[in-house]
Structures are given as C-alpha cells and as structure tokens.
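What's counted below: heavy atoms across the whole structure, side chains too, no hydrogens, waters or symmetry copies. Here is the naming used below: chain letters follow the sequence lines, and residue numbers restart at 1 for every chain. Keep in mind that this is a model prediction, so the values were computed, not measured.
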Amino acid sequence: MAISFKDLGISKELESLLKKNGITEPTPIQEKSIPEILKGRDVVAQAQTGTGKTLAFLLPIMDRIDANKDFIQGLIITPTRELAIQITAEAKKLAAGKEINILAAYGGQDVAQQLRKLKRGIHLVVATPGRLLDHMERQNIELGRLKSLVLDEADEMISMGFIKDLEAIIVKTPKARQTMLFSATIPSEVRKLATRFMRDPLQLEIEGKNVTLDEIEQVVIETTDRKKFDTLCQMLDEHRPYLAIIFCRTKIRAIKLNYDLAVKGYNCDELHGDLSQSKRERVMKSFKSAKIQILVATDIAARGIDVEGVTHVINYDVPEDAESYIHRIGRTGRIGNLGTAVTLVTPKDADTLAVIERKIKSDFKLKNIPKPKVKGENRAEKRDGRKSSKKAGKDQGKRADYNPNYRAERRARRSGDNQSSEAPSKHRPRKSKNDSPKKNPKDYRHTVKKR
DNA sequence: AAAAAAC
C-alpha cells in the first residue's frame, strides 16, 4: 500500500486539493522531507530536477500557516522573477478556500500594487532578493515573526551574487525560525556554508550517483561555429519538438538566434533579463500555453521553470559548468515524463563538455550530424502545410546516419520504461491531464508562423 | 566572463 500525503501529516483538505490536480502519491523527496518539515526541523534537501521539491516545502508551509494571525509566517526566496511567479501560482492553488494571503514581491513590477496587497495582511511572501530588501528598507515588510524560510535553488542563492542580500534579509528574521534549502545541485562547500544559517539540519542527498534523470535522453551533436545555426535547424526539423527551450550563453546571442529562427519561420520567442517585465511575463505565458513552441533563453530559464510539454532542451551554447547543465536539461523529463536534451558542441567546447561529463558521470550519446542539407528544402515543404508520410520517409533516408529511427527508439524507450520490472521508474507519470486542454502531445510538429 | 537581482 502506497504512502499517502495524509500519512506524511498533510491535512485532508490539502490532500483532496492535490487529488483534484491529479497528484495522489508523494515523490521520494516529499516522503522524506515533509514529516520533518512539519515538525519544524531545518532541512537541506537535494533531489533531482522535476521530482517535486516545490510541493515538498509548499505543502507543510501552507498547513503550518495560521490564517488567523496577521503577520508574515512564511518566506520563499528565489533567484529569478519567473520562478517567484511560478511558485506564487502554485501556492495560490493550495490556498484555495482558505484565508491565506500570498504576496509575490519581485522587481520590475509596480511597487504601489504590491504595497496595496501588503496592507491586507500577508501570510506568505514569495520574493526575489532585491525587491524584498527594498520593501524591508521601506519598512513595508516585517519579518520579525517569520516561522519558515525557504531558499529555493539554494546553491544559486548562496552564490557570490546573492549571498550579501541574503544575509541582510536573514538578520531581520527570528533566530528561532525554520530554515530550508532546496536544489538539485548542492556542492559540498555550499552545503557547509549554508549550515551557518541553520540548526542541526536534516541533510537529504541524492541516492546513488545519478544527478540527472534517466528519463532525459542526453545527446551531443558535433558542429562548428559556422555550421551551428544550420545544424540547429536541421535538428529541429528532425526532432520536431512540441515545446523546446534553447539556451544561449549571452543575452545578445539569444536575441540574435531568436531573430534568425523567426526569419526562417520557426514559432519562437526570446527570454532574458534585458526584456521589460511585462514582455517577460507575456513570453512565459505564451510558452506555457504552447502559443510559441520554441523559447530562446539565457540561463534565466535554467532553474526551476516547470512548463508541461517541454520535450526538448537544446544547449545551443555549451553551459558554463555542470550545475548549469544539470538545471538546463532538467526543464524537460519532469514528473516521470520523457525528454531529450541536445548539446551542440564545437571543437573549442570539447574541454568544457568533458569536464561537465565527468562531473555528472553520465554517458552522452554522441551522434554526428551530416552536412546540412540544401537550405530551405525542408522548411519549404512545411510551409506547404503538407505532411505526406512518403516525403517524410524520403527525408529520413537522406539523413540515414543521423538517427533516422528517432521516433521508433523513443516509442521503444517509453514502453520499455513502463514495462520494465527490473527497475521501475520512481517517478509516476501524471494521470490524465484533463485540466490542461491546451495541447495535444501527439502533435510534435512545429507550427510555422504565417508571414 | 556571463547570467540573475532594486529604484
């Protein structure tokens, strides 16, 4: 008999709310952490991407909030605005039918609007560090009676760029608070450093060696700087992702790549820190609803972002380090779904990639891609709107050495995963997603912008 | 050296 959320100490109300959303069984990290968090214990929790860390801290926090008391009891700090928005949305779902007030405090947004909400008595704040400090300095936010503090993406929060802000926030909270750290990557130095903020934390680490998930197929394609764009287009035409995130090293490169893809007719848009806040939120919304299928992003989207239907993550530029790689590819293959991560590598990237590879001890499947085909051929076919299977067959033949059996293999992997009694997946695929009518997962083809 | 994060 499987363990239920109620067995872990979660209220019946929350449990039935989860059930309505198709979530019935806790994941391993939820099973281990929730009972301890409910007791008020400090926790450092490392668990792979997409295994339910957010709910692991949100559920006990929501249950521990006393709606009759009019002060901030929970605080969640995240490294990006997008993540703060996402977690706020999750928390609001869990607050349904209760009088719990939640505030998202992040930059680029009207301060007055956030202030108005504050006047109403906030119980839970989800914030990015800068704006939170701003509110604190203006004496808008008072953390003197805080019960629980979460550092989401803890290693990123504790990294150089954030540590000072973080300390400034933490000194304004009670010593007796509960402190929780969550991330898929917690380097041992960070783990050590973090315990400064904590009292006898329960340390949860990833069991075994796999920091990345088996559900994510990892592929490397060799190319050169000159051929990179054509290689990418060829790869997109072959795989036809339903939703894909393409990561670039810099904002400029993301802008340029998005432009080039749009010119070729791909259904894409860009996400990075140089955009206005309203544009950022607009882009995320379009991507979540599959209005755009390709998101060209900087590492702003590397952590925590949970969009259902992301079949592919593409590293157009090799990530800086293993942590970035792990978080980027973790945008796919979430809650038991399959995903594909493709990394384009040029000769000068070889060393960086070797370091990453060694660090995560994962076997990349190296797949060479032949010379790009004649420009425009494949896209022209798609603009016709024709999808003749004959033509597809012909195309596959031409690319014989570039995994022509991609789809068949994918199917095989999927059914294999489900039937294998040897090592059943720890992560249950979600039941039917009748609450999300937006997409048809069978249709993995690009839609091409009319232009 | 890049990215993120306040006005």
Side-chain angles (χ1 to χ4, degrees), chain A residues 75-88 103-115 118 125-141 143 150-170 172 183-185 187 190 225 245-258 270-281 283-284 295-305 313 315-331 343 346 348-349 351-353 355-356:
Chain A
L75 170 63
I76 298 158
I77 309 180
T78 76
T80 65
R81 297 172 188 174
E82 280 69 21
L83 197 45
I85 292 168
Q86 180 181 295
I87 292 172
T88 304
L103 174 73
Y106 53 88
Q109 201 205 32
D110 197 15
V111 184
Q113 192 190 320
Q114 289 176 359
L115 269 179
L118 271 171
V125 174
V126 186
T128 50
R131 177 58 65 91
L132 176 60
L133 271 174
D134 194 356
H135 279 308
M136 287 166 71
E137 278 157 19
R138 294 168 194 237
Q139 321 233 310
N140 295 332
I141 283 185
L143 298 176
V150 175
L151 304 184
D152 197 23
E153 305 298 340
D155 55 321
E156 180 78 353
M157 299 300 306
I158 289 163
S159 74
M160 287 305 288
F162 283 119
I163 187 72
K164 281 193 107 177
D165 286 353
L166 217 55
E167 280 174 334
I169 294 162
I170 291 177
K172 303 287 186 192
S183 181
T185 54
V190 174
D225 280 326
I245 303 179
I246 305 182
F247 284 100
C248 296
R249 192 172 45 85
T250 66
K251 289 179 273 201
I252 303 283
R253 285 178 62 76
I255 293 164
K256 169 88 162 65
L257 180 60
N258 177 53
E270 64 196 59
L271 185 74
H272 51 79
D274 273 358
L275 300 176
S276 72
Q277 187 55 31
S278 62
K279 168 78 176 171
R280 278 167 72 159
E281 291 180 32
V283 171
M284 279 309 293
L295 185 68
V296 185
T298 58
D299 268 333
I300 196 174
R303 283 177 178 259
I305 296 305
V313 168
N315 290 314
Y316 190 67
D317 298 322
V318 168
E320 299 284 320
D321 50 35
E323 281 76 21
S324 170
Y325 179 86
I326 290 162
H327 288 280
R328 280 181 179 188
I329 72 166
R331 296 319 98 213
T343 301
T346 66
K348 68 167 165 35
D349 299 324
D351 291 345
T352 316
L353 193 66
V355 171
I356 293 171

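The closest side-chain heavy-atom distance from A:Gln86 to A:Glu82 is not below 4.5 Å.
Every salt bridge (Lys or Arg N to Asp or Glu O under 4.0 Å) that A:Asp155 has, sequence neighbours left out, goes to A:Arg303. Taking A:Glu320 as the reference, nothing meets the side chain to side chain donor-acceptor pair (under 3.5 Å) condition, with sequence neighbours excluded.
Counting to the nearest Å, the P atom of B:dA3 and the CD atom of A:Glu82 are 15 Å from each other. As rounded to whole Å, 13 Å separates atom P of B:dA2 from atom CG of A:Asp274. Look at CD on A:Glu323: it is 16 Å from C1' on B:dA4, rounded to the nearest Å. Rounded to an integer number of Å, the gap from CZ of A:Arg303 to P of B:dA5 is 13 Å. The interatomic distance linking A:Leu133 (CG) with B:dA5 (P) rounds to 14 Å, in whole Å. Residue A:Asp155 contributes atom CG, which lies 19 Å from atom P of B:dA3 at whole-angstrom precision. In this structure, the CE atom of A:Met160 is 18 Å from the P atom of B:dA4, given to the nearest Å. One atom, CG of A:Asp299, and another, C1' of B:dA3, lie 6 Å apart when rounded to the nearest Å.
Phosphate contact (OP1/OP2 of B:dA4, side-chain N/O of A:Thr298, threshold under 4.0 Å): present. Contact annotation: A:Arg280 reaches the phosphate of B:dA5 (side-chain N/O to OP1 or OP2, under 4.0 Å). Note on A:Lys251: a side-chain N or O is less than 4.0 Å away from OP1 or OP2 of B:dA4. Contact between the side-chain N/O atoms of A:Thr80 and the OP1/OP2 oxygens of B:dA5 is not found at any separation under 4.0 Å. Remark: A:Arg81 is in phosphate contact with B:dA5, judged by side-chain N or O atoms under 4.0 Å from OP1 or OP2.
A side-chain donor-acceptor contact under 3.5 Å links A:Gln277 and A:Glu281. No hydrogens or angles considered: nothing links the side chains of A:Glu137 and A:His135 as a donor-acceptor pair under 3.5 Å.
When heavy atoms are screened at a 4.0 angstrom cut-off, A:Gly107 is found touching the sugar-phosphate backbone but no base atom. Using a 4.0 Å heavy-atom cutoff across all strands shown, A:Arg328 reaches no nucleic acid atom at all.
For A:Thr250, the listed nucleotide lying nearest its side chain is B:dA3; candidates were B:dA4, B:dA6, B:dA3.
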